[in-house]
Amino acid sequence: MIYKFTIPGRLPSMNEIVSASKSHYMQYATMKKDNTNLVSMIAKSSVKRQLDKIDIEINWICKNRRMDKDNIIAGTKFILDGLVNAGIIKNDGWSEIGDINHKFDVDKKDPRIEVKLKEI
């Protein structure tokens, strides 16, 4: 079975995560909590049951090409933690996560992250 959901906008980049963690000990904690909860809320509306193991495909649709791809995919942390928080997967370890694939595109008017979960 395949499940899909879309996160509007974008998630924090690796540069933003590092900056937050260096500035004040609570800034990263707040960033992680807020973004994990956002993903959790969106995922819950699309996936109504717990999945044992998944492959995940993430399509990062960015506003432009200014940010490096390795910087963009740091948001994967919030996606996986959000799936655990939502109760969609028990954990985000090797037993629950198979392959993680990333795709990239540009849409100046509607940046978003499209997530596809395939139960395996």
- Has Arg65 got more than 12 heavy atoms of other residues, nucleotides or ligands less than 6.0 Å from its CZ? no
- Message: Walk me through whether Asp55 and Leu117 qualify under side-chain contact (heavy atoms from CB on, under 4.5 Å).
- Response: CA-CA 6 Å; Asp55 284 340; Leu117 310 176; over 6 Å; no
- Message: As a quick check of understanding, evaluate side-chain contact (heavy atoms from CB on, under 4.5 Å) for Asp92 and Glu96, giving each step before the final call.
- Response: CA-CA 6 Å; Asp92 58 356; Glu96 297 79 20; over 6 Å; no
- Message: With rounding to the nearest 0.5 angstrom, report the CD to CD1 distance, Glu119 to Ile54.
- Response: 9.5 Å
- Note on the structure: Scanning both residues in full, the closest heavy-atom pair of Ile79 with Val115 reads CD1-CG2, 4.2 Å
- Message: Donor-acceptor pair, distance only, cut-off 3.5 Å: does the side chain of Arg112 make one with the backbone of Asp110?
- Response: yes
- Query: Which heavy atom of Lys63 sits nearest a heavy atom of Pro111, and at what distance?
  - Reply: N-CB, 3.8 Å
- Message: Just checking Lys22: does its NZ atom have more than 12 heavy atoms from other residues, nucleotides or ligands closer to it than 6.0 angstrom?
- Response: no
- Task: Keeping the roles fixed (side chain from Asp68, backbone from Asp70), state whether a donor-acceptor pair exists under 3.5 Å.
- Result: no
- In terms of the angle between their ring planes, are Phe78 and Tyr28 parallel, tilted or perpendicular, with boundaries placed at 30° and 60°? tilted
- Step by step, would you call Ile97 with Leu80 a side-chain contact (heavy atoms from CB on, under 4.5 Å)? CA-CA 9 Å; Ile97 305 295; Leu80 295 178; 3.8 Å; yes
- Residues in side-chain contact (heavy atoms from CB on, under 4.5 Å) contact with Met67, at least two apart in sequence or another chain: Arg10, Ser13, Asn71, Ile72
- Verify the neighbour count for atom CG of Asp52: are there more than 12 heavy atoms of other residues, nucleotides or ligands below 6.0 Å? no
- Could you state the interatomic distance from CE (Met26) to OG (Ser21), rounded to the nearest 0.5 Å? 13.5 Å
- Ala43 backbone acceptor or donor facing Ser46 side chain under 3.5 Å: no
- Does Asn85 have any side-chain contact (heavy atoms from CB on, under 4.5 Å) partners at least two apart in sequence or in another chain, and if so, which? Thr36, Asn37, Ser40
- Message: Within this structure, what is the CG-CD1 distance for the pair Leu83 and Ile56, rounded to the nearest 0.5 Å?
- Response: 5.5 Å
- Taking every non-hydrogen atom, the tightest pair across Ile7 and Ile42: CA-CD1, 4.1 Å
- Task: State yes or no: do Val84 and Ile120 share one hydrophobic cluster built from I, L, V, M, F, W and Y residues joined by side-chain heavy-atom distances below 4.5 Å, directly or via other members?
- Result: no
- Message: Applying salt bridge (charged side-chain N to carboxylate O under 4.0 Å, His left out) to Lys103 and Glu57, what does each step give before you reach the verdict?
- Response: CA-CA 8 Å; Lys103 294 182 177 184; Glu57 180 180 296; 3.6 Å; yes
- Query: Hey, what do you get for CG (Asp105) to CH2 (Trp60), rounding to the nearest 0.5 Å?
  - Reply: 14.0 Å
- Message: Quick check: closest heavy atoms across Phe104 and Asn59, and the distance to 0.1 Å?
- Response: N-OD1, 3.8 Å
- Query: Between Thr76 and Ile58, does a side-chain contact (heavy atoms from CB on, under 4.5 Å) hold up when you go through it step by step?
  - Reply: CA-CA 8 Å; Thr76 305; Ile58 307 170; 4.0 Å; yes
- Message: Ignoring hydrogens, what is the shortest heavy-atom contact between Leu11 and Glu16? Give both atom names and the distance.
- Response: O-OE1, 4.4 Å
- Query: With Gln50, which residues qualify under side-chain contact (heavy atoms from CB on, under 4.5 Å), at least two apart?
  - Reply: Lys90
- Item | Exceeds 12 heavy-atom contacts within 6.0 angstrom, atom NZ of Lys32 | yes
- Item | Smallest separation among heavy atoms of Met14 and Ala74, with atom names | N-CB, 3.6 Å
- Message: Please tell me whether Phe5 and Ile100 are part of a single hydrophobic cluster in this structure, the criterion being side-chain heavy atoms less than 4.5 Å apart.
- Response: yes
